[in-house]
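I have placed the structure first, in the form of structure tokens, so that the comments after it can refer back to it.
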Amino acid sequence: MSLSEDRPINDRACELLDEHRDSIYRRTDHMFAWLMFFQWLAGIGIALWVSPYSWAGRTQHVHPHIWSALVIGGLICSLPILLANYYPGRAITRQTIAVGQALASALLIHLMGGRVEAHFHVFGSLAFLAFYRDWKVLVTASLVVAVDHVARGLLWPESLYGISISGWQRSLEHVGWVVFEDVFLIYSTWISCREMTVIANRRAEMEKMQAEVEREVTERTREIELQRLVLQESHERLEQQTNELRKAIEASEGANRAKSAFLANMSHEIRTPLTAILGFADVLLETGDIYKAPVERIEAIQTIRRNGSHLISLINDLLDFSKIEAGKFQVENLPCSLHRLIADIRQLMQVRAEEKKLNIQVEYSGPIPEMILTDPTRLRQILMNLLSNAIKFTHEGSVSLKVSLVGKAPNRRIQIDVTDTGIGISEEMRDKLFQPFTQADGSMSRRFGGTGLGLTISKRFAGLLGGDLTILDTSHAGTTFRLVIDPGPLHNVTFQEPDAAMSAPDEEKSKPTDTKNALRDLKILLVEDGPDNQRLISFLLKKAGAEVDMAENGELGYLKANAATASGRPFDVILMDMQMPIMDGYAASTKLRSDGYNGPIIALTAHAMAEDRNRCIEAGCTDYTTKPVDRAKLIELIRFHAEAAAV
């Protein structure tokens, strides 16, 4: 029985020792059964060899030794062999074998005529009996040998020593040699038994450890199985959540696509009529002597332009916010002169500031990099929004920009503080100011206008530029916004002192573009389906000196372009609206390019998202501009591509 956890080690050690001894006893019993059988045969052979047939006159008889070997030897061997076969391992079997082995030695000595060499059989028998590792067997056999030597030494010395002289001295000498051997054999038996005990204890300890290990393994296996079940359940739950998340993402992406499509369509539908509204408002302001018109008419036209511009600003903010929310907004890293950019913005915003009798002050604190690496369009948009808000909420006083380079390399940042002396922001609205569609209070949009997206977009842009936009301070005396951006690597960059920075950029002021006769002698095909936009754009182009031909859809535009090319007077530029009935501008441009048309095609569309530009270029357009039309920009774009095509 194996060792359990609650069973003492000593009990198991005793059990193992008993099992080992029983195994030794059984194995040695079987060995002696065969040994005694062979000894019996050997005794008969010795008797036949030493005591042959003899003659005594007329009779012939067998020597008594032969009968002694056959009969007495058989009697001596029979009982031990039977016990070894039927009761192996028992004490009576070992003791009987010990007696039989000692008697067999005595018989062999007798058959050998008491030769000295025959006495060594006694030592050999004791040595073999030591295999039992039982000192009692040795004692029994030794006592039989002692009794035999003493008895036969006195009564029949010829059978023991081969001589007729008897004596205590010789018998005691033989017994003494037996006792001498017993001392070593019993000692070796004791050592062997002690080693067996040690081995049994170690085996018991190993079984104890094995039982503990098996118990630990069983517990660990059960824990692992439980953990596996938990993990399997978690895995199934995670798969379910993943599937739900995938479906949610797909739904979200679908919603985003729908939202983007909605915004794109909304942008297109609003920009198209605004093109005509703002364009004709400009025409009204520039046609005839406007100063002779009634003041109410001029104010009405300016109101139309102002509200139209507000709608354009709202659409641009919504498109920017949509792209930021969708994670699709990417900024560029271009070399930019920070001084010139700030000077341009100051010049542009100064006109609005002067309407409220405000002054925009720019202060440079320490040297500033002459060139930085950033997205100038987005940086300009942030500063324009901050200055626009500052001017809008300031009734008297000033608006100032303080520019400085802060931090230590390589974590240096451009810091711009925009401070006004306006109405300030309440503490409770301070944290909500950068949330979408949020203003200081509900009346702000009614009093000052605005969409509530400007600061949100500006803060997102600041993050994309490697910095942040925060409110540094606010009170009834004014507000300070702090813009921080990453200027990019500043190795080998020239730094400009504040005095030089204040004077250089202001010297170069842009002049209004003179559009009169800018497109003289140019032949332009305007492919546009909207009658209002046809009249407006053709009016602007003709006023700039161009010869304008029109087509109402892409198919007619395609035919007219090919016809003009075939007649040897191709158009210098094609202005292609991209959203038209029958054949849109994408298909018409692609078809013209596939026919080998090499002239410039400028896409003119109300789709103003970034991917729309790429789509136009991929369709074969040379360039791209959006509605509402910026007259100066459009004329400059046409002139640039016409001149480039003529080279």
Side-chain angles (χ1 to χ4, degrees), residues 306 310 313 317 338-339 341-366 368 378-407 413-463 465 467-485 498-499 501-502 505-506:
R306 186 169 58 254
H310 175 67
S313 175
D317 284 351
L338 182 62
H339 302 87
L341 186 143
I342 290 177
D344 290 344
I345 294 173
R346 178 189 180 188
Q347 178 187 347
L348 186 64
M349 300 303 295
Q350 185 64 42
V351 177
R352 295 180 55 183
E354 288 175 351
E355 293 176 356
K356 302 181 72 172
K357 299 181 180 179
L358 301 174
N359 184 32
I360 299 177
Q361 300 174 352
V362 178
E363 178 186 353
Y364 290 92
S365 178
I368 301 297
R378 302 310 163 194
L379 179 57
R380 176 189 295 272
Q381 192 170 341
I382 297 172
L383 292 175
M384 292 277 289
N385 183 62
L386 293 177
L387 284 175
S388 177
N389 284 342
I391 294 170
K392 183 165 57 178
F393 296 109
T394 301
H395 302 296
E396 59 182 6
S398 64
V399 175
S400 65
L401 278 80
K402 184 177 181 181
V403 187
S404 59
L405 182 66
V406 298
R413 295 289 185 269
I414 294 293
Q415 177 177 293
I416 303 174
D417 292 341
V418 180
T419 304
D420 61 55
T421 56
I423 60 176
I425 302 169
S426 63
E427 287 295 329
E428 58 271 20
M429 292 304 299
R430 185 169 175 168
D431 297 334
K432 300 179 181 178
L433 202 59
F434 293 107
Q435 296 178 6
F437 306 104
T438 300
Q439 290 193 339
D441 60 54
S443 63
M444 285 293 182
S445 58
R446 296 190 295 273
R447 293 171 56 196
F448 299 99
T451 63
L453 285 174
L455 288 177
T456 303
I457 294 173
S458 297
K459 188 174 181 66
R460 303 289 180 88
F461 282 165
L465 297 180
D468 196 6
L469 175 63
T470 56
I471 301 176
L472 184 62
D473 184 33
T474 183
S475 68
H476 294 295
T479 303
T480 299
F481 283 88
R482 170 162 290 177
L483 171 65
V484 178
I485 64 168
D499 294 340
M502 287 295 295
D506 287 342

I'd like to know if the side chain of Lys402 and the backbone of Glu363 have a donor-acceptor N/O pair within less than 3.5 Å. no
For Ile345, which of Leu341, Ile342, Leu348 qualifies under side-chain contact (heavy atoms from CB on, under 4.5 Å)? Leu341
Any donor-acceptor pair under 3.5 Å linking the side chain of Arg413 with the backbone of Gly407? no
Closest contact, heavy atoms only, Leu469 versus Lys459: O-NZ, 2.8 Å
Could you state the interatomic distance from NE2 (His395) to CG (Asp420), rounded to the nearest 0.5 Å? 10.5 Å
Can you tell me how far the CD1 atom of Ile485 sits from the CD1 atom of Ile416, to the nearest 0.5 Å? 5.5 Å
Closest heavy-atom contact between Leu483 and Ala462? CD1-CB, 3.7 Å
Is there a side-chain contact between Ile382 and Ile457 (heavy atoms, below 4.5 Å)? no
Check Ser458 against Asn385 and note the closest heavy-atom contact, atom names and distance. OG-ND2, 3.1 Å
Separation between CG (Leu386) and OG1 (Thr419), nearest 0.5 Å, reads 10.5 Å
Please confirm whether the backbone N or O of Lys392 pairs with a side-chain atom of Lys356, one donor and one acceptor, at under 3.5 Å? yes
Is Leu405 close to Ile414 at the side-chain level, that is, under 4.5 Å between some pair of heavy atoms? yes
Less than 4.5 Å apart, any side-chain heavy atom of Ile391 and any of Met349? yes
Rounded distance (nearest 0.5 Å) linking atom CG of Asp417 with atom OG of Ser404: 6.5 Å
Do Phe481 and Leu455 have side chains that approach each other closer than 4.5 Å (heavy atoms only, starting at C-beta)? yes
Taking all non-hydrogen atoms of both residues into account, name the closest pair between Val484 and Gln415 and its distance. CG2-CG, 4.3 Å
Got Ile471 and Thr479 here, is their nearest side-chain heavy-atom distance under 4.5 Å? yes
Below 4.5 Å, heavy atoms only, C-beta onward: do Leu387 and Leu401 meet side chain to side chain? yes
If we ignore hydrogens and angles and just use 3.5 Å, is the side chain of Thr421 paired with the main-chain N or O of Ser398 as donor and acceptor? yes
Stepwise side-chain contact (heavy atoms from CB on, under 4.5 Å) test for Gln381 and Arg378: CA-CA 5 Å; Gln381 192 170 341; Arg378 302 310 163 194; 2.8 Å; yes
Check whether any side-chain heavy atom of Arg352 lies under 4.5 Å from a side-chain heavy atom of Leu358, and answer yes or no. no
